[in-house]
Protein chains: 2
Amino acid sequence: MAVFDARQQRAEMRQDLRAALLSAAARIISEDGLGALTLRRLAERVNVSTKAVYTLFGGKEGLLEALYLDAFDGLEVFAPEITAIASPQERLLALARSYRTYALDWPDRYAVMFGDAATGFSPSAESRRHAWNTTRPMRHTLMECKPGMSAEEADFVMRAMWATMHGVVSLELRQLIGGREMADRLFDETLIAVLNHFAVPFPADLVKVPR
Amino acid sequence: MAVFDARQQRAEMRQDLRAALLSAAARIISEDGLGALTLRRLAERVNVSTKAVYTLFGGKEGLLEALYLDAFDGLEVFAPEITAIASPQERLLALARSYRTYALDWPDRYAVMFGDAATGFSPSAESRRHAWNTTRPMRHTLMECKPGMSAEEADFVMRAMWATMHGVVSLELRQLIGGREMADRLFDETLIAVLNHFAVPFPADLVKVPR
DNA sequence: CGCTTGAGGTAACGATGTTTCCTATGGTAA
DNA sequence: TTACCATAGGAAACATCGTTACCTCAAGCG
């Protein structure tokens with residue numbers, strides 16, 4: 001009993017340290033960008049040595065993979081406020097817009113999710129599957145918008161939506177799109193273009209686009 | 001005269017060294033990825049010291065900016081073979097597909113164009129304008145597809161196309177899309193969805209999409 | 001011909017990810 | 001209980017990175 005408690009306490013401390021490192025890393029990234037995430041700086045902030053990152057994550061690559069998973073999980077944090085919306089169409093639109101808001105609010109977290117190979121990190125197949133799974137609420141809402149839609153079709157349309165959302169957001173973050181209102185229109189219109197193409201009922205007046 | 005020749009020869013050697021560094025850098029990136037591009041390795045391959053990169057580019061960031069511009073210029077290399085196509089619609093489709101081919105053939109060059117801030121490099125406003133200018137042939141073809149289209153509208157539709165193309169290609173490169181044939185369909189269908197949405201005449205049977 | 005200017009090599013500097021060595025603490029078998 | 005052992009984590013060294021003083025030296029100038 002005492003032994004079990006001690007073991008459990010050790011496991012908890014391990015988890016606590018892991019969580020502390022992850023949150024500190026996320027904070028560093030939010031504050032000074034992904035390039036500022038250094039093992040020494042991270043360790044100093046949590047008051048441990050850099051070795052802790054190796055025992056817990058196996059190195060910086062493992063740390064980045066954990067941050068990758070956390071960043072995708074963060075996408076779902078918006079869901080609670082949105083699931084209350086009755087209309088599936090409005091809910092789908094809200095989910096899509098929250099995706100963009102998330103990316104614009106935490107561009108460096110988004111960079112972890114879609115950053116290139118310069119970081120030396122490439123997510124594992126399992127992590128990529130996890131990333132895809134975070135689109136489940138959106139796929140579910142999508143099927144509510146078009147009853148009778150097969151799961152395969154929903155998957156395909158979801159990928160199309162994801163691609164267009166990511167495309168607009170990615171170009172916007174790199175300032176390859178004009179201004180904010182241009183990106184607003186672009187996001188809504190490409191979204192509605194894809195939904196219309198796949199015959200997903202979507203009232204056009206839902207998206208207020210000045211033409 | 002002899003003075004001018006000598007000066008010209010010096011300038012030429014400068015340009016030669018600059019070109020040699022750029023091509024060697026591109027080769028290193030193609031061979032071992034963007035993370036393998038090191039000033040020491042680059043200098044060794046061209047048989048100069050790392051200082052040459054500083055006098056010619058001002059540092060690694062300047063080198064990356066030059067590679068950024070070159071990578072976008074590489075997009076237009078496909079144009080000559082494509083401009084021969086008579087039908088504007090088929091030409092537009094060919095241009096779009098060549099964009100994807102370019103990205104899939106040189107993923108690391110594409111990473112330089114759209115890589116995140118982890119490299120510590122962010123293109124200047126002028127470089128971004130140059131990047132946008134490489135879409136000119138596509139915009140021109142777009143206007144041929146829909147006579148009477150204003151330049152502003154063409155710009156907007158071009159941005160929508162770019163976003164969807166980049167979105168699909170980006171997810172594909174990160175293996176966030178199923179297989180090759182899935183990405184094939186996704187690319188063509190999102191493209192046609194956008195063009196249809198903006199009322200660009202585009203024969204549906206031009207894109208062979210098994211439904 | 002003496003002077004200046006600038007490109008480019010050498011070597012050092014600070015910082016990074018990683019590894020090696022060591023310590024100490026908690027669990028385990030006799 | 002006691003002696004052994006496994007493991008987490010700290011300290012410091014290592015290889016490598018981008019960068020920068022410092023120097024050399026050849027080309028252009030009066």
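What's counted below: heavy atoms across the whole structure, side chains too, no hydrogens, waters or symmetry copies. In what follows, every chain begins at residue 1, and chains take the letters A, B, ... in the order their sequences are listed. Here the structure is a predicted model, which is why all the values come from computation and not from measurement.
No donor-acceptor pair under 3.5 Å is formed between the side chain of B:Tyr68 and the backbone N or O of B:Ala131. Under the 3.5 Å distance criterion, the side-chain polar atoms of B:Arg174 are matched with a main-chain donor or acceptor of B:Ser170.
Comment: A:Glu76 does not engage A:Arg136 in a salt bridge, judged by the lack of any side-chain N to carboxylate O separation of less than 4.0 angstrom.
Protein atom NZ of A:Lys60 is 9 Å distant from nucleotide atom P of C:dT16, rounded to whole Å. Going from atom CD of A:Glu44 over to atom P of D:dG9 covers 18 Å, rounded to whole Å. Between the CZ atom of B:Arg41 and the C1' atom of D:dA15 there is a distance of 16 Å, given to the nearest Å. Distance, A:Leu56 CG to C:dG17 P: 16 Å, rounded to whole Å. In this structure, the CG atom of A:Leu39 is 21 Å from the P atom of C:dG14, given to the nearest Å. If you take CG of A:Leu17 and P of D:dT7, they are 18 Å apart, rounded to a whole angstrom. The CZ atom of B:Phe57 sits 14 Å away from the C1' atom of C:dA7 (whole-angstrom rounding).
When ring centroids are compared, B:His130 and B:Phe72 stay outside the 6.0 Å threshold.
Using a 4.0 Å heavy-atom cutoff across all strands shown, A:Leu63 reaches no nucleic acid atom at all. Within 4.0 Å (heavy atoms only), A:Leu42 reaches no atom of the nucleic acid at all. Residue contacts shown for A:Lys51 include a base, since a base heavy atom lies under 4.0 Å away.
Between the side chains of B:Ser127 and B:Ser124, at least one donor N or O sits under 3.5 Å from an acceptor N or O.
Where B:Thr38 and A:Ser49 meet DNA chain D, the nucleotide closest to each residue was compared, and A:Ser49 sits on the side nearer the 5' end. Nearest-nucleotide positions on DNA chain C for A:Thr50 and B:Thr50 put B:Thr50 closer to the 5' end. For the pair A:Asn47 and A:Arg40, nearest-nucleotide mapping onto DNA chain D gives the more 5' position to A:Asn47.
Under 4.0 angstrom from either OP1 or OP2 of C:dG8 there lies no side-chain N or O belonging to B:Tyr54. In this structure, B:Thr55 does not reach the C:dA7 phosphate: none of its side-chain N or O atoms is under 4.0 Å from OP1 or OP2.
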